[in-house]
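Sequence lines set the chain letters: A, B, ... in the order given, protein chains first and strands last, and positions in each chain run from 1. Values below: all heavy atoms of this structure, side chains included; hydrogens, waters and symmetry mates excluded.
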Amino acid sequence: MAVKKRYWLMKSEPEKYPIDQLKEDKTTHWDGVRNYQARNFMRDDMKIGDGVLFYHSNAKPPGIVGVAEIHKESYPDFTAFDPQDKHYDPKSKHESPTWYMVDVKFVSKFKEIIALNELREMKTLEGMELLRKGSRLSVQPVEKKHFDAIVKRAEKQ
DNA sequence: GCCAACGTTGGC
DNA sequence: GCCAACGTTGGC
């Protein structure tokens, strides 16, 4: 029985991993998330085929740049085991990993970024987590109506 | 570079 | 369990 498709937003700094890189790679593993709430979404709730809004953070301007989808469900984030890695976490053990990641697949890149200031002006996005003051979660759920409104907006570009 | 809004750590 | 100090995120 198919489970209802869910929608997400995932942030990436374009200096580290821009959407163009995902387009080239086609799929990638989403490593380096070190926040428990974000981890729980990835580990427990993300299913193959779920929709993902790809957000560029720490960018000029910040905003949503395209769509991806969940390509592989959660498995241990191996970068946490590597002492040489920036995201190394000695608390995470192979037998009981602390951190998990998923694989995402490129779907589309918007013709133009939908900048954060534009998103804030869209009435249809009222209540969206991303737009909440102080929102910092790098992996967050998105309501279908919000996901659809953003994709629709992108199609009008 | 500043700083608000968190999240984490560790002393008590 | 409380909470001050500290670290991080990320917009501006």
**Asked** So which pairs with a foot in residues 19-28 of chain A pass salt bridge (Lys or Arg N to Asp or Glu O under 4.0 Å), sequence neighbours left out?
**Response** D20(A)-K109(A)
Separation of atom [atom1] in [X] from atom [atom2] in [N], rounded to whole Å:
X       : N       : atom1 : atom2 : result
Q140(A) : dA5(B)  : CD    : P     : 17 Å
H87(A)  : dT8(C)  : NE2   : P     : 12 Å
R136(A) : dT8(C)  : CZ    : P     : 11 Å
K60(A)  : dG11(C) : NZ    : P     : 12 Å
K86(A)  : dT8(C)  : NZ    : P     : 8 Å
D89(A)  : dT8(C)  : CG    : P     : 13 Å
R34(A)  : dG10(C) : CZ    : P     : 14 Å
E15(A)  : dT9(C)  : CD    : C1'   : 15 Å

Verify the contact: side-chain N or O of [X] to OP1 or OP2 of [N], cut-off strictly under 4.0 Å; return yes or no.
X       : N      : value
R39(A)  : dG7(B) : no
K133(A) : dA4(B) : no
Y36(A)  : dC6(B) : no

**Message:** Of the options dG11(C), dG7(B), dT9(B), whose atoms approach the side-chain atoms of Q37(A) most closely?
**Reply:** dG7(B)
**Item:** Residues forming a side chain to side chain donor-acceptor pair (under 3.5 Å) with R34(A), sequence neighbours excluded
**Value:** D77(A), T79(A)
**Message:** Using the ring centroid of each side chain, check whether H146(A) and Y7(A) are separated by less than 6.0 Å.
**Reply:** no
**Request:** Would you please say whether a donor-acceptor pair under 3.5 Å links the side chains of Y75(A) and D103(A)?
**Result:** yes
